[in-house]
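Computed from a predicted model, the values in this text were never measured in an experiment.
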Amino acid sequence: MTFWLSLAVGLLVTASVYLMLRPSAMRFVLGLMILGNAVNLLIFVSGRISTAGPPLVEEGATALEAGAANPLPQALVLTAIVISFGLVSFTLALLAAARVRGGVDRLDEPITEEAP
Amino acid sequence: MTLLLAILGLVVVGAGLVISGGRTRLRDGMLAALPTTAAFVALLMWTPNALETPIHATMPWVPSLDVALSFHIDALSILLGLVVTGVGAAVFTYAAAYFSDDDNGRRSLGMLVLFAAAMLVLVLTDDVIVLFVSWETTSVLSFLLVGHKHKDAAARIAARRALLTTGAGGVALLAGLLMLQQAAGSASLSTIIAARDTVAAHPLFDWGIGLIAFGALTKSAQFPFHYWLPGAMKAPTPVSAYLHSATMVKAGIYLLARVAPLGNASTVWEPLLIGAGGLTMVVATVVAAKDRDAKALLAWSTLIALGSLTMMVGIANGKATAAFATLLVAHASYKGSLFLVIGQIDHVTGTRDITKLSGLRKTMPLTFIAALFAFVSAAGVPLTLGFVGKELLYKATLVGPLPIVVTAVAVIGNAMAIAVLFRSMMLPFLRSAGPDTPVDASETASWTLQPLALAFGGIVAGILAAPLGRTLLAPAAALAGRDEPYALAAWFGFDLALAMSGVTLALSGVLVAAWWPLARAARRVLGDSAPGALFEQGLSALVAGAAAMTRRLQHGRLRAYLAVILAAGGALLVSAAWLDRGDLPPIATAPNLKIGLAALLPLGAAIAIAARRPLTAVTSLGVTGIAIALIFLRYGAPDLALTQLLVETLLVVIFALVLARVPTPTLSMPEPWFHKVRDAGIAIVVGGGVTAALLATQSVPIDMTVSDFYGEQSVPGGYGRNVVNVILVDFRALDTMGEIVVLMLAAVGVAALLRTLSNSSTGMIGAIGKDNASPFITANREPAEEGIGSSLVLRTIVPALMPLLLLFAIFLFLRGHHEPGGGFIGGLVASAAIGLLVFSHGGAATQRAFRLKPRVLMASGIAVALLAGLIGLASEGSFLEGAWFELPIGGTKIKLGTPLLFDLGVFMVVVGTMQMMLLALIDKNASETSDLPPASSSLPEQDDETSVTEAPR
């Protein structure tokens, strides 16, 4: 299963990179969304996946039983999901502001210092 | 110890002078000369001791990097130290008079004093890093001193040229020194030199010694780096006398002599130094005649002298090293003196043009005597130190297999130097007064005595050559050479070298007589090109090239930047994965549900690429997101699955709200097909790289140390059975702290962006409603109070659902420490509830329903988290460390701890963040607009409800 998940992550990254390189600002945001998901999954899978159960200590036990899922990548990914949500929201707001104020929708106009 | 105190004194006096600024007084010079003289005396007293065994003293400086303030004082360093301090005392008192009418005088005098300190450290230290630091210090101070007249463009250019050249040399020197340090395994210069055989056998040796030689040649202005020295004559004359004649340029020669025992083990060393020194002499001889400026002529003669010194270090037989030590002292004395003389002449007559100066013998008699003494030493007249040095030099060139051309260069170069000095320093005194002679030229004792003393020292040393040689010069020379140094004497008898001295003098007489035809010829052949023109051209080409490259690379097209970054990153990933490749994990081939789940991911992404309408794309991405949530659930990560689900939901909500606000963004834009192909190529490389890297990761065993620690410590240490949550709020709480702050900033950013949008473009927003194709908005465009999709069902059911949802959120939050849940998840559920309310009842109603303003909620969340951290700091001794206590309720005891408090902070921040974003998005008139501090923070705060009614519709 690891193989297929790795392949899926790679395909997600491929899609996100392609979208991020499009001139449409909206597509850039879509790419960013996919990238966030892909990277989260990447971290999760690189910490090894198992079907043995969540990293919850049994009541009365003192330590996690052997074979339980690796808690470390989960802690990393949990906050990463929330942060990438913040990032996408911010980028969206930026896009909205640019769209409404300057009518800008394309990303390939060069930045000019004089722009108001 | 005295010596260290003297160096410290120099630094203090120098820094004090630089800071105080203003014009110099005579006592400033005395003050500066005091530590200098102390150092001179200290060095002098050590002479007999140091010659027996070198003095070694070490103080740790940066022990972790094996850098120490260590000093190694032997004959060679004492020789240089005496020159630095001896000439220094003369120059400082002279400079006090020279700068007495200059508003920046004290600053430059102070820098001269600092320079002396750096120079002393340079010649006395034993540590290669300290050597490099002091070396660069002298370069920087030289830059500042050459640029003394910083309003003069020529001075600035000259200063920059000197700095860039010697700075490049300094970098090379550092590299070279570090290589030798590697080779010897020690940062001590004396140890490196002692381990000569080991070092010379090291593969880096040739590079190291070559780079050091490179650095030394730039510092001593040897060909092909000679060009910076004539330009540096823009410096005030005391600076030229001290830095560019007596000391700094000698630092390069000193270093060459210091590492000569190593250098002689390399085959290129001798031809390199003889070639560089000889070519310097040739170039200076040819070009000198062009100049009329007496000071520039002194610079050319200095180059000739430096060239011969470099040559002597390269030849390295007993006579050559003796000549090197003798000439070094002689040159410092006579050239320092001559510079001081020309400085005074320039000051009183206002010119340094040798065609104008004449008749000064009458008006400046003492100065004349100083110049005369210095000149006879320079000319190599018997009974001067210059004579001794020159005899030895000729003897050295006559030894062994050296080609005759070396001897010829030495003779012609010296003859030219003498002619140059006669023209520039003697004729202004000897010629009878001409029409251009300034009449009021007169001299004052306060700056006549110093050149006199320096010049006189050269004569005395010449008479006492034999004892001086025994006690100091020969031992110093022995350190730089292969053979026992030749014994010095005031007179060597009639021999070939004496005859060559005679020839040199005769030749110089011819050159003096034929000066003007020579000068015309030189100007005709060489044109007007100034020294360093090539360097300046190269420099401007470099700057232009850099500018062109910047224009090409920093073109401002963000997509291209992104493409370059991604392509480079992808290539890196692919190559790294290829290098670390291992066995593939087992490939499950039987079709099953999980593979179908994995297939959903790229499918959703593919639809997003093909989608023509934004909402289609977002929805299809929702499919991907939910598939990921299911994968998390399947592989033992219920927390992640919950978070992912909630975030996906909220993201779709936010997308919908944004699409309702702005004209529908275009998805497909016209672009050349090959752009698509190129970007698809980049995308495949990056994606393939990620897959390959991930597979490569799986092929090596995973290190579970950290994970196991968390798994074992979670219950005993963190009193929580949900390991993921314990990691977030206890073990790695500081990370989480940073993350909630970032989240809050994102929300503030969103609100700020959308607020400016509301304020600035009300009209546009009004127009949007018509052409908006979003299904959310086509239904109605009711006032904000009505909510967006104001379906009756929704409006009825939401108020009933609300308390349940919030209760569920709190439940999730509370159980989080032991079961899946926690601050993040609870907060997200509460946020989803708020989102629902926003949809059904609109922003203002939502704002009313939750009395707390989002920004207050977020700020208190951070404050609660901080408080939890501080309690941990106070009771457990470490910020954010969990502090626990038991609370008896009824018969059972409940464990409460700061991690719970911290999680509450997380909860509050998450809810506040989402609330702020949603309210900012809901409408231009959302009450949130009055809720933001920036820009209008000086205004009295508005009540939420009034802002809603007052805001323009």
Side-chain angles (χ1 to χ4, degrees), chain A residues 1-15 17-19 21 23-24 26-27 30 33-34 37 41-42 45-46 48-49 53-57 62-64 69-72 74-75 77-79 81-83 85-86 89-90 92-94 96-97 99-101 105 107-108 110-111, chain B residues 556-557 559 563 566 585 587-588 594-595 598 601-602 605 608 614 617 621 628 635-638 640 643-644 647 654 658 661-662 665-667 669 679-680 683-684 686-687 690-691 694-695 697-698 702 707 710-712 715-716 721-724 727-728 739 743 746 749-750 753-754 757 761 917:
Chain A
M1 195 53 205
T2 303
F3 174 81
W4 295 110
L5 279 180
S6 304
L7 192 64
V9 168
L11 286 171
L12 280 185
V13 171
T14 306
V17 167
Y18 181 76
L19 279 173
L21 290 176
S24 157
M26 189 66 202
R27 283 193 159 171
L30 294 174
M33 275 177 75
I34 303 181
N37 274 335
L41 200 56
L42 172 87
V45 175
S46 65
R48 303 296 187 271
I49 51 172
L56 299 172
V57 181
T62 55
L64 205 56
N70 189 351
L72 188 59
Q74 292 197 23
V77 170
L78 198 146
T79 46
I81 294 174
V82 182
I83 291 287
F85 167 79
S89 308
F90 182 81
L92 257 181
L94 199 63
R99 180 100 173 95
V100 170
R101 297 183 73 195
D105 207 11
L107 289 177
D108 49 358
I111 306 165
Chain B
R557 289 192 300 277
R559 280 175 68 210
L566 287 171
I587 303 172
K594 286 178 282 181
I595 295 175
L601 308 181
L621 287 190
I628 289 178
Y635 293 104
L640 293 192
T643 314
Q644 175 80 17
V647 160
I654 289 205
V658 167
R661 289 288 302 276
V662 302
T666 328
L667 277 185
M669 293 183 174
D679 295 345
I684 289 169
V686 180
V690 168
T691 296
L694 195 48
L695 289 175
T697 320
Q698 305 286 336
I702 187 169
S707 301
Y710 290 149
E712 284 157 17
V715 170
R721 290 189 289 106
N722 182 355
V723 183
V724 175
I727 292 177
L728 285 178
E739 274 144 5
L743 202 58
V750 168
L753 277 169
L754 295 176
L757 179 143
S761 55
M917 285 187 185

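For B:P614 against A:M26, the heavy-atom pair with the smallest separation is CB-CE, 4.1 Å. Pairing each heavy atom of B:V662 with each of A:A96, the nearest pair is CG1-CB, 3.5 Å. A:F90 approaches B:G749 most closely through the heavy-atom pair CE1-CA, 3.6 Å.
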Can A:R27 and B:L667 be said to form a side-chain contact (heavy atoms from CB on, under 4.5 Å), step by step?
CA-CA 6 Å; A:R27 283 193 159 171; B:L667 277 185; 3.5 Å; yes
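The part of B:L566 that comes within reach of chain A is its side chain, from C-beta onward, which places non-hydrogen atoms under 4.5 angstrom from that chain. Proximity to chain A involves both the backbone and the side chain of B:V723, based on heavy atoms less than 4.5 angstrom apart. Of the atoms belonging to B:I702, heavy atoms from both backbone and side chain fall under 4.5 Å from chain A. Only the side chain of B:I727 comes within less than 4.5 Å of a heavy atom of chain A; its backbone N, CA, C and O stay farther away.
If you tally non-hydrogen atom pairs under 4.5 Å between each of A:A8, A:A69, A:S24 and chain B, the highest count goes to A:S24. Heavy-atom pairs under 4.5 Å with chain A were tallied for B:L694, B:N722, B:V658; the largest tally goes to B:L694. Note: A:V17 leads A:V17, A:L41, A:V9, A:L7 in heavy-atom pairs under 4.5 Å with chain B. The choice from A:L64, A:L11, A:L19, A:L21 that makes the most heavy-atom pairs within less than 4.5 Å of chain B is A:L21. Of all the listed residues (B:I684, B:V715, B:L640, B:T697), the one sharing the greatest number of non-hydrogen pairs under 4.5 Å with chain A is B:L640. The candidate from A:I83, A:I34, A:L92 with the greatest count of non-hydrogen atom pairs under 4.5 Å with chain B is A:L92. Among the candidates B:Q644, B:M669, B:E739, the residue making the largest number of heavy-atom pairs closer than 4.5 Å to chain A is B:M669. Looking only at heavy-atom pairs under 4.5 Å with chain B, the residue among A:I81, A:L42, A:L5 that has the most is A:I81.
We find the CG-CG distance between B:L754 and A:L94 to be 10.0 Å, quoted to the nearest 0.5 Å. Taking OH of A:Y18 as the start and CG of A:L30 as the end, the distance is 13.0 Å to the nearest 0.5 Å.
Between the side chain of B:S707 and the main chain of A:P71, no donor-acceptor pair closer than 3.5 Å is present.
Inspection of the A:T2 and B:Q698 side chains reveals no N or O donor paired with an N or O acceptor under 3.5 Å.
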